[in-house]
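In what follows, a single structure is set out as structure tokens and then discussed.
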Amino acid sequence: MRHLLDTTDLTLGEIDDMIKLSMDIIDNPEKYAHICDGKKLATLFFEPSTRTRLSFEAAMMELGGNVLGFSEAASSSASKGESVEDTVRMVSCYADIIAMRHPLEGAPRVASYKAGVPIINAGDGGHAHPTQTLTDLLTIYREKGTFDNLTVGLCGDLKFGRTVHSLIKAMCRYNNVKFVLISPKELSVPEYIKTDVLKPSGAEYVEIENMDAAMPDLDILYMTRIQRERFFSEEEYLKHKDAFILDVDKLTNAKKSLTIMHPLPRVNEITTAVDDDERAKYFIQALNGKYIRMALIITLLKWGELL
């Protein structure tokens, strides 16, 4: 039995296999419509979510399985003081696979020590969000046909944005990937991402505070929102929330082949006028999240000999 706690838990070959499986699911949905008949997915979301939770539920339903769980800690026994370990041991009695989101970094890993079924990290604090990264990789592959030789701009909250951290870890494993890190100094990529991930990989990267300057060179622009819930004070949040906004004018000097991505939800960091630009792929990206999670559920259940 294996868990998915971080994207680096998967080899590049395993990621490639999962992307191929996703592509086959897209092309032949009827082939997979009953593959998880009789199986149950538990969604343990100790932190609010819309896209991630619903895409997991949609994924399992489209595979023929069922879903149980909770969408906030207040509706679980955690509100009574039950530990994560006990919750997971109990839920393992009722479900075949668990998707878990938690505000504390490392909570899914702790859960995996006691789980009797595969655990999927659906986001743990500001640490990692591996299924969003798999979603991002599927989107990049469908748009670019490769992961190599790309210049990737990451813009907004790069300090607390777990989707950014996970994507950097994943893309660093491919050839000749360059990163342009666009953020206020206060929200720059954490030092450990530079020292433990970027520098050892040899990937080229630059840090800038001007989106306009980076735009002509980018193959991918990955926007993120300034996350209110990651700030220690309302004052700090208000100071930065409007720092970087992508509008139609900023796209004037961008490549025609640019792919604009966003893990969503957005607040105002991408104007709605950009939605009509054919380079805007963030809603397709959300759809891709369902397909890659279908592939992940199938893969983990097969690895655990539960399917």
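When reading the values below, keep in mind they use all heavy atoms of this one structure, side chains included, and skip hydrogens, waters and symmetry mates. Predicted, not measured: the structure shown is a model, and the values here were computed from it.
- A salt bridge links K169 with D6: the distance from a Lys NZ or Arg NE/NH1/NH2 to an Asp or Glu carboxylate oxygen falls below 4.0 Å.
- Side-chain atoms of L10 and L134, non-hydrogen and from C-beta on, do get closer than 4.5 Å to each other.
- Atoms CZ and CG, on F179 and L218 in that order, are 12.5 Å from each other to the nearest 0.5 Å.
- Note that CG of L158 is 8.5 Å distant from CZ of F244, once rounded to the nearest 0.5 Å.
- Two different hydrophobic clusters hold I284 and Y291 under the rule that ILVMFWY side chains link at heavy-atom gaps under 4.5 Å.
- When the shell of 6.0 Å around CZ of R2 is examined, it contains more than 12 heavy atoms from other residues, nucleotides or ligands.
- Residues V206 and L181 form no side-chain contact, since every pair of their non-hydrogen atoms from C-beta on lies 4.5 Å or further apart.
- Formation of a donor-acceptor pair under 3.5 Å by the S92 side chain with backbone atoms of G116 is found in this model.
- The ring-ring contact (aromatic ring centres under 6.0 Å, His included) test applied to Y174 returns F147, not counting sequence neighbours.
- D96 places a side-chain N or O within 3.5 Å of a backbone atom of K40 that can act as its donor or acceptor partner.
- Shown here for V274 and A280, the closest heavy-atom pair between the two residues is O-CB, 3.5 Å.
- In this structure N28 satisfies the side-chain contact (heavy atoms from CB on, under 4.5 Å) test together with D24, E30, K31, sequence neighbours excluded.
- One finds the OG1 atom of T224 at 8.0 Å from the CG atom of L154 (value rounded to the nearest 0.5 Å).
- Among residues two or more places apart in sequence or in another chain, the side-chain contact (heavy atoms from CB on, under 4.5 Å) test is passed with T50 by L54.
- In this structure, E269 contributes its side chain and V267 its backbone to a donor-acceptor pair below 3.5 Å.
- Side-chain contact between R101 and T52: present, with at least one pair of heavy atoms (C-beta onward) separated by less than 4.5 Å.
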- Message: salt bridge (charged side-chain N to carboxylate O under 4.0 Å, His left out) for E47 and R162? Distances and angles first, verdict last.
- Response: CA-CA 14 Å; E47 188 177 54; R162 58 191 171 198; 3.4 Å; yes
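- Of the possible donor and acceptor atoms, one in the side chain of S201 sits under 3.5 Å from a partner among the backbone N and O of L198.
- A salt bridge between K144 and D219 is absent, with no side-chain N of the basic residue lying under 4.0 Å from a carboxylate O of the acidic one.
- A donor and an acceptor atom, one from each side chain of R279 and T259, are nowhere located under 3.5 Å apart.
- Residues satisfying the side-chain contact (heavy atoms from CB on, under 4.5 Å) criterion with N253, sequence neighbours excluded, are P216.
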Just distance, no hydrogens or angles: give the donor-acceptor pairs under 3.5 Å from side chains in residues 292-307, sequence neighbours left out.
unit_1 : atom_1 : unit_2 : atom_2 : d
R293   : NE     : T131   : OG1    : 3.4
R293   : NH1    : S55    : OG     : 2.8
R293   : NH1    : G289   : O      : 3.4
R293   : NH2    : T131   : OG1    : 3.0
T299   : OG1    : A295   : O      : 2.7

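- Using a 4.0 Å cut-off between charged side-chain N and carboxylate O, R53 and E57 make a salt bridge.
- The shortest distance between side-chain heavy atoms of N176 and D148 does not fall below 4.5 Å.
- Shown here are the ring-ring contact (aromatic ring centres under 6.0 Å, His included) partners of H129, two or more places apart in sequence or in another chain: there are none.
- Shown here for S166 and T133, the closest heavy-atom pair between the two residues is CB-OG1, 2.7 Å.
- The list of side chain to side chain donor-acceptor pair (under 3.5 Å) pairs with a residue in residues 206-215, not counting sequence neighbours, reads K194-E207.
- Of the possible polar contacts, one joining the Q285 side chain to the H262 backbone as a donor-acceptor pair under 3.5 Å is found.
- For the atom pair CG of L138 and CG of N288, the computed distance is 4.5 Å after rounding to the nearest 0.5 Å.
- In this structure the side chain of E85 reaches within 4.5 angstrom of the side chain of V110, judged on heavy atoms.
- Taking every heavy atom of both residues into account, V197 and C172 meet most closely at CG1-SG, 3.9 Å.
- Proximity of M215 to L246: side-chain heavy atoms (C-beta onward) are separated by under 4.5 Å at one or more points.
- Residues passing the side-chain contact (heavy atoms from CB on, under 4.5 Å) test with T252, sequence neighbours excluded: none.
- Considering all non-hydrogen atoms of both residues, M261 and I220 come closest at SD-CG2, 3.8 Å.
- Within the model, atoms OH of Y282 and CG of D136 stand 15.0 Å from one another, a figure rounded to the nearest 0.5 Å.
- The salt bridge (Lys or Arg N to Asp or Glu O under 4.0 Å) test applied to K281 returns E143, not counting sequence neighbours.
- V248 is not listed as a side-chain neighbour of D277, based on a closest heavy-atom distance of 4.5 Å or more.
- Atom CD of Q132 is separated from atom OG1 of T135 by 5.0 Å, given to the nearest 0.5 angstrom.
- F45 and A99 get closest at one heavy-atom pair: CE1-O, 3.9 Å.
- Residue pairs satisfying the side chain to side chain donor-acceptor pair (under 3.5 Å) criterion with at least one member in residues 179-192, sequence neighbours excluded, are absent.
- Listed here is the closest heavy atom pair of L4 and D9: C-OD2, 3.9 Å.
- Residue pairs meeting the side chain to side chain donor-acceptor pair (under 3.5 Å) criterion with at least one member in residues 102-121, sequence neighbours excluded, are N121-D124.
- The shortest side-chain heavy-atom distance between V180 and D217 does not fall under the 4.5 Å cut-off.
- Scored by the salt bridge (Lys or Arg N to Asp or Glu O under 4.0 Å) test, R266 finds D275 as partners (sequence neighbours excluded).
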